[in-house]
Structure formats: structure tokens, C-alpha cells
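Step one of this worksheet: look at the structure below.
When a ligand or atom number is given, it counts from 1 through the structure's own listing order.
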Amino acid sequence: MAQGGDKKYVLSIDQGTTSTRALLFDREGVPVHIAQKELPQIFPADGWVEHDGRQIWADTVELCREVLALAGGAETVAAIGITNQRETSLIWDRETGEPLYNAIVWQDRRTADLCTRLKEEGKEATVQEKTGLLLDPYFSGTKLAWLLDNVDGARARAEKGELCFGTIDCWLVYNLTGGTAHVTDATNASRTLLFNIDTQDWDDEILGWLDIPRSLLPEVKDCCADFGVTAPGLFGTSLPIAGIAGDQQAASVGQACFQPGMMKSTYGTGCFALVNTGQAHVHSQNRLLATVAYRLNGEVTYALEGSIFMAGATIQWLRDEMKFVSSAEESEALAKAADPESQVVVVPAFTGLGAPYWDPHARGAILGMTRDTGVAEIVRAALESVSCQTRDLMDAMGADMKGAGLTAPTELRVDGGMVANNWFAQNLSDLLGRPVVRPKVQETTALGAAYLAGMQVGFFGGLEEVAGQWQEEARFNASMDENERDARYGRWQTAVGRVLTS
Ligand code: ADP
């Protein structure tokens, strides 16, 4: 065993959209100490979402210090791993570390017009081919272009090499290292729209389209790498930053999806599904995203990704707007009590539909109601809408994988707040016709970052050891009659057809 042999923990920083967390994982991959702080959301205009970069940094230091104190100091820690909300974009002064503007959050839609213009110019096919992504405001590239065009003096200063651009991982490493490292990892780079996932380098053609100087961009490293060491004085002992991955990729590592065809899906506010496609960059025919799952020792493992905008958020809507439940948990008992013959379908297209439909103008609908439809039937249909959308994604992934000569996913590893609902987990398995598996450690995102950092310093042995640690907590096998499954999924597809606008 290399360094890290005598240490007790790996420190994982999980910088999410709504909160920042610091967790200490032990050698068994069990979270031992956790500290968390909510992150204020800033909404300066309709469709705009920002975060205060300084606040993110201040919270991160505070939370790391808090868990390190619980553990008896930084000497007990082998390394730091970072996982983060992806795509969120920040520029700052290379010398002073002062941000020039708030971080523009992934949800922010201010660059929709720019994306439309680029599409009209016929650039989407090239973007998809090179980056695996689609022209959507979601990704960092157009956010960075906006910053350069709209923040006073930013473009001139960027051209002189005075500024740094980074996603949140990069911002945290810059600060943790006292401003000495301007680095990111391949998974975060792969979400910027500026990174060619075949050559693993920033793409000059796309940079040219968006008028972005290369000097702004960080160096891109493997997910397990030497990203720098923490500045002396920050935590007492200097700690190596040894692992980074964007949140969904980290969750995929935490779920030990290391073989082609292994798939995970995280059910929080939204849902993000990733399937490992091995060394193949699969060019989706179904408008899924191709992305870097992880890069280790210079070798890229790719994934296909699809997302559902409204997963747990649909349950929040039942609770907050419809007042059908007083807590998310209540949805389970109601779904169980619903009339099993009910043909109600809820299409939660509140903000449009994501993959594989990508219709931003679609809106929600409840179909198939009869005189005896009640709250329970609608709650059941709302939960089932998340299962049906997962089926959409899994079918699209399977088709793309078969097209590339790969084996389609055969089961699904799940995590996130919603999978505590056993009725939902069973329904998901029934609609997919495949097993759904819930792991013992539900902190898969933070765990993935801890694994990456721990592997780099010898605290964890490697992918095989990590895969061996993964443990099943519950398995749900499909028990629904095939005819019923087809009928239910068919009704969903018909209902989606009714709300699509194009
Ligand atoms: P996020 O990380 O996006 O904040 P979490 O993973 O914490 O999300 O999950 C919270 C979401 O899960 C909420 O949207 C909530 O409605 C949903 N949720 C939590 N518990 C249940 C449950 N028992 N049944 C259905 N949905 C649930």
C-alpha cells in the first residue's frame, strides 16, 4: 500500500446545487462524519439562477473544518475528493482569486437565444459529434461566452491571460491550494461544451465559435490525479486533493458501475441516469448525451446519460401545490391504496420534457380520469410517471448501445431521496421489466469522490476493491404481468404524444 496506509479517512467535498457537504469515509466506504449547509439561490431575473462563489468557498472551508475536528484533525485524513454540481460556471482574477461575477448555475436559461442562433447556423451536429452534448443553455460554454460579453472588461482581461474560468470543482481546488492550481478533471470538462471527448482536449473550433480564449481554461486531469495540496494553515496539515468527478459521474463510481452496460439512476429533485459504455464513445441516435464516465491512467471510460426534469419534484408538486399529501413519504401508502385498475396517467412536463423528447414547450397533463378517480389514483400515476420516463431512457440507451454493438443494461442501480419509497422501487422494476437494486450506502455521490481520491493515494486498492465493497440493501424484481406492463407503458406513450408540441 502507498501513502495513506495509516490514515483513517478520506474527506469528500460534495458541492451540490442546493447544499454543500463535507463527509469523512472510512476504509469500508462508510460515511462516519457529515456536515452540511444549505446554499442560498439567487434569482436575478426570470430564468436566471446564480450562486455566490465566495459563499461556496467559505461554506466549504467551514464544513471541512467541522468534520476534521470531529475526526481528531487533518492528520487522520489520507486525501480529499471533490464532487460538484456540474456545468455551473465562474470566472475569477488569476492573481487575487476575486470572482468577477456570481457563478451561473446549470439551470440558468439566459443563453437560450445564443443556443438557438448556433443551432440555426447548423452547428449542433458538430457539437454533438465532438462533445457528446446538445446545444442547450445547460452546459458551460455559452455561459462563459455570456460572462465575457457582459461583465465589464472581462473579455480584454481574459485575452491578457488575467482571468481563470472554472466549474465548481476547479474553483474549489484553486482556493484549497491557495491559488496555485488551475485544474479540473475530464468528467467536469466533458460538460462544458468546449471539450472534445475523443481527443480529450479543449476544442479550438468550438472555442472560436464562442470567442473564448484558451488561456482562460484549466488543465484537464484524470479523475484520480495529483490536483494539488491544500495551502498550509488551512486545515493544520496539508492534504492532497486526489480525486474529482462531477456529481452524476461520482454517483456512478459510488454505485461501482465499472462494466459496460452497468447503469445507475439517481432520483432526487430530477433524475439522472448513466450507463457505462466502456471505451466506446457512443454517438446517440436518440438524443441522449455522451459523456466521460471517468478517466483513469489516461484511459477514458464513456457513458450515455439521460435526465428526467421532474422526479421527486413531481412529489413536491403533489404536496405543495395540489395538497394531495402532507409529506413525500405519504405518497407510498396512497399509491398502495389506489385502485389498481385505474388508467390515470400524469405527464409531469411542467418545464417541458427532457431526453429522449427534448421538447421545452410541452406542458403537463392528467389523462384518463373517470368519475371515481381520487387523490390516490393521481398520486399513484405521478409516481408511475417517473418509472415510465426511466423506461423511456433505458429503452433509448439500449437502442443506442445495440446500435454500437454493445449489450443493453439488464438491471438498474438506484439512489436518491425517492428510492426510499418501496412502492416506487417495485413499480420501477415492473415498468422496466428488470431488477432494480438499492445499495447499502446511499451517499453514492460523495462516496464516488472518496473512492477516486482514495484510489489515487492507496487508501482504496482500485476498481476491483471498490466494486467488492458495493453492497446490495434491497432488490426489487419485476412481478407485473407482461400484458399489463405493455398496456401501462403504452398509455404513457400515448399521453406523451398528446403533450408534445413538435
Ligand atoms: P436533491 O438531492 O435533489 O435535493 P434528494 O435525493 O434529497 O434530492 O431527494 C429529495 C426528493 O425525493 C424530493 O423531491 C422528494 O419529493 C422526494 N422524496 C423523498 N422521499 C420520498 C418518498 N418516500 N416517496 C417519494 N418521493 C420522495
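Not a single N or O atom of Gly268, backbone or side chain, sits closer than 3.5 Å to an N or O atom of ligand 1. At under 3.5 Å, not a single nitrogen or oxygen of Thr18, backbone or side chain, sits near a nitrogen or oxygen of ligand 1. For ligand 1, the polar-atom distance check finds no N/O of Gly270 at less than 3.5 Å from any of the ligand's N/O atoms.
At distances below 3.5 Å, not a single donor-acceptor pair connects side-chain atoms of Arg21 with backbone N or O atoms of Ala35. When atom types are taken as modelled, the side chain of Lys264 and the backbone of Ala251 share no donor-acceptor pair closer than 3.5 angstrom. In this structure a side-chain-to-backbone donor-acceptor pair under 3.5 Å is missing from Asp222 to Leu296.
At least one heavy atom of Ala313 sits less than 4.0 Å from an atom of ligand 1. At a 4.0 Å cut-off, at least one heavy atom of Met418 sits close enough to ligand 1 to count as contact.
In this structure, Arg86 satisfies the cation-pi test against Phe272, with its NZ or CZ atom closer than 6.0 Å to the six-membered ring centre and inside 45 degrees of the ring normal.
Atom CZ of Arg191 is separated from atom CD of Gln248 by 8.5 Å, given to the nearest 0.5 angstrom.
For Trp57 and Trp171, the ring centers sit 6.0 Å or farther from each other. If you look at Tyr267 and Phe424, their ring centroids are closer than 6.0 Å. Here Trp48 and Phe43 keep their ring centres 6.0 angstrom or further from each other.
Regarding atom 19 (C) of ligand 1, its nearest protein heavy-atom neighbour is Gly417 O, 3.6 Å. Of the protein's non-hydrogen atoms, the one nearest atom 17 (C) of ligand 1 is Gly312 CA, 3.9 Å. Here the protein heavy atom with the shortest distance to atom 24 (N) of ligand 1 is Asn421 ND2, 3.1 Å. When hydrogens are left out, the protein atom nearest atom 23 (N) of ligand 1 is Glu329 CA, 3.6 Å; that is the closest non-hydrogen contact. Atom 4 (O) of ligand 1 has as its closest protein heavy atom Thr269 OG1, 3.6 Å.
Under 4.0 angstrom from ligand 1, the non-hydrogen atoms of Ala328 come from both its backbone and its side chain. When non-hydrogen atoms are compared, ligand 1 lies under 4.0 Å from neither the backbone nor the side chain of Ala311.
Which parts of ligand 1 touch Gly416 is read off a 4.0 Å heavy-atom cut-off, strictly below it: atoms 6 (O). Numbered from 1 in the order shown, with element, the atoms of ligand 1 that lie under 4.0 Å from a heavy atom of Gln316 read 13 (C), 14 (O), 16 (O). Residue-ligand proximity, Ser331 to ligand 1, at heavy-atom distances under 4.0 Å covers atoms 24 (N), 25 (C).
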Fill in: Full working for side chain to side chain contact (heavy atoms under 4.5 Å, CB included) between Tyr138 and Thr111
CA-CA 9 Å; Tyr138 209 87; Thr111 59; over 6 Å; no

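Remark: of the listed residues Phe165, Tyr174, Tyr101, Tyr174 is the sole one forming a ring-ring contact (aromatic ring centres under 6.0 Å, His included) with Trp92.
The protein reaches atom 12 (O) of ligand 1 closely, with a heavy atom under 4.0 angstrom from it. The protein does not reach atom 7 (O) of ligand 1 closely, with no heavy atom under 4.0 angstrom from it.
The shortest distance between side-chain heavy atoms of Ser89 and Leu144 does not fall below 4.5 Å.
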